[in-house]
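What follows is a set of notes on a single structure, which appears directly below.
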Amino acid sequence: MSFESDKAAIKEGLRVGAPTWFGIGAWGMVVGVAMIKAGLTLPQALGMTLLVFAGSAQLASLPLIAAHAPVWVIFATALVVNLRFLIFSAILAPHFAHLHWRTRAWLGFMTGDISVSLFIQRYPEFIEEKGKLAYLKSLVFPNWGAWQTGSVIGILLGSQVPSSWGLGFAGTLAILCIMLPLIINRAAFAGVVVAGIVALLAVNLPYKLGLLLAVLLGMGTSMMLEEYLDGKKVAAAGKNNGEQA
């Protein structure tokens with residue numbers, strides 16, 4: 001029974017995740033080219049894509065590396081950009097708390113935004129079900145493979161692509177194609193709007209610190225609004241139960 005449920009989960013995960021593979025690969029290729037254009041050597045770029053595996057953090061840190069910004073600013077920028085994974089971890093933890101910590105560690109490393117989004121759409125609440133781990137693996141492995149394939153291609157082609165091709169704009173489009181489907185509720189949309197406005201207003205701050213501020217305020221807005229909306233739902237449910245009683 002477990003084998004059959006895992007097999008069905010793998011098929012479903014591959015079917016759901018397949019439409020995102022091209023966008024992931026395209027985004028990875030843009031980041032690969034950007035790493036070379038930022039001055040990284042071939043081994044450095046390959047090491048970054050294999051060890052970091054965080055496109056948004058890589059894109060945020062590359063201009064700082066090119067500008068010879070202080071190391072603490074580069075690390076702080078990457079850390080803040082990736083703070084969303086704390087939320088992702090809190091969402092996934094109840095489903096996989098029974099696994100060994102080493103298994104959870106490498107799964108966490110390989111799990112990206114799209115994989116989390118698709119997983120929580122399939123399992124929005126914690127319920128004991130077979131096939132969850134197989135479903136997650138069928139999302140994260142192809143996602144990782146698509147990213148690394150695109151990134152390595154971009155790294156190898158980076159020195160051949162002229163700057164006039166507007167890679168920054170292409171990268172923005174690739175990110176938008178991937179991130180827009182993640183704006184699935186009012187809280188997430190509000191956070192994106194706030195982050196966008198703050199980023200525009202703070203664009204002239206040194207070392208791209210406006211990006212840090214935008215991410216922090218956007219995440220804070222989204223979390224507070226989500227808590228407020230959840231509170232309203234609980235209050236409404238309690239009121240309805242009271243009226244029925």
Side-chain angles (χ1 to χ4, degrees), residues 17 20-21 23-40 43-67 69 71-93 104-120 136-137 139-155 158 167-168 170-183 188 191-192 195 199 207-209 211-216 218-219 222:
T20 69
W21 298 344
I24 293 290
W27 184 15
M29 186 167 60
V30 169
V31 176
V33 173
M35 286 190 286
I36 297 299
K37 293 297 184 182
L40 272 64
Q44 288 172 339
L46 291 172
M48 188 177 196
T49 192
L50 291 172
L51 297 177
V52 178
F53 184 46
S56 54
Q58 289 172 247
L59 286 175
S61 62
L62 286 175
L64 301 177
I65 294 174
V71 173
W72 72 267
V73 173
I74 298 172
F75 274 92
T77 299
L79 177 64
V80 171
V81 170
N82 281 341
L83 280 177
R84 66 192 185 281
F85 284 98
L86 291 176
I87 301 175
F88 294 162
S89 297
I91 293 172
L92 295 178
R104 285 181 279 135
W106 67 260
L107 277 175
F109 171 75
M110 297 190 70
T111 301
D113 305 70
I114 292 295
S115 301
V116 174
S117 176
L118 295 176
F119 181 86
I120 61 177
L136 181 65
K137 289 180 178 179
L139 293 174
V140 300
F141 290 159
N143 180 82
W144 184 88
W147 171 268
Q148 297 299 348
T149 299
S151 185
V152 171
I153 292 174
I155 291 170
L167 291 172
T172 302
L173 291 180
I175 294 173
L176 287 175
C177 291
I178 295 172
M179 295 303 294
L180 284 178
L182 301 180
I183 309 175
V192 170
Y207 301 126
K208 305 292 184 179
L209 291 177
L211 176 62
L212 298 179
L213 183 62
V215 171
L216 289 173
M219 288 182 60
S222 183

Task: Atom pair OG (Ser115) and CG (Leu107), whose distance is rounded to the nearest 0.5 Å - done: 10.5 Å
Task: Flag side-chain contact, heavy atom, 4.5 Å: Phe88 against Ile120 - done: no
- [ ] Evaluate the side-chain proximity of Leu59 to Trp27: yes if any heavy-atom separation is below 4.5 Å, no if none is.
- [x] yes
Open item on the list: Does atom CH2 (Trp72) have a neighbourhood of more than 12 heavy atoms from anything else shown, all under 6.0 Å?
Closed with: no
Open item on the list: Using the side chain to side chain contact (heavy atoms under 4.5 Å, CB included) criterion, which residues pair with Leu212? Sequence neighbours excluded.
Closed with: Thr77, Val80, Leu209
Task: Sequence-distant partners of Ser222, side chain to side chain contact (heavy atoms under 4.5 Å, CB included), two or more places apart - done: Ala187
Task: Listed partners of Phe75 passing side chain to side chain contact (heavy atoms under 4.5 Å, CB included), at least two apart - done: Val71
Open item on the list: Nearest 0.5 angstrom please: Met35 CE to Leu46 CG, how far?
Closed with: 7.5 Å
- [ ] Rounded to the nearest 0.5 Å, what's the gap from CG on Leu40 to CD on Gln58? Could you check?
- [x] 9.5 Å
Task: Separation of Ile74 CD1 from Leu62 CG (nearest 0.5 Å) - done: 9.5 Å
- [ ] Hey, could you give me the CZ/CG distance between Phe53 and Asn143, rounded to the nearest 0.5 Å?
- [x] 5.0 Å
- [ ] Check whether any side-chain heavy atom of Ile24 sits under 4.5 Å from a side-chain heavy atom of Trp144, and report yes or no.
- [x] no
TODO: Taking side-chain hydrogen bond (donor to acceptor under 3.5 Å, both in side chains) as the test, write out the residues that go with Thr49, two or more places apart.
DONE: Trp147, Gln148, Ser151
TODO: Please report the shortest heavy-atom distance between Ala60 and Leu211, naming the atom on each side.
DONE: CB-CD2, 3.5 Å
Open item on the list: Minimum heavy-atom separation for Ala214 and Ala199, please, with both atom names.
Closed with: CB-N, 3.7 Å
TODO: Can you sort out the partners of Ala54 under side chain to side chain contact (heavy atoms under 4.5 Å, CB included), two or more places apart, ordered by chain and number?
DONE: Val52, Ala57, Asn82
TODO: Determine the minimum heavy-atom distance between Leu83 and Leu216, stating which atoms define it.
DONE: CD1-CD2, 4.1 Å
- [ ] Search all heavy atoms of Asp113 against all heavy atoms of Phe85 and return the closest pair with its distance.
- [x] OD1-CZ, 3.7 Å
- [ ] Starting at CD1 of Ile65, measure out to CD of Gln44 and round the result to the nearest 0.5 Å.
- [x] 8.5 Å
Open item on the list: Minimum heavy-atom separation for Ser56 and Val81, please, with both atom names.
Closed with: OG-CG1, 3.4 Å
- [ ] Check step by step if side chain to side chain contact (heavy atoms under 4.5 Å, CB included) holds for Val215 and Arg84.
- [x] CA-CA 9 Å; Val215 171; Arg84 66 192 185 281; over 6 Å; no
Open item on the list: Give me the atom names and distance for the closest heavy-atom approach of Ala38 to Ala66.
Closed with: O-CB, 3.9 Å
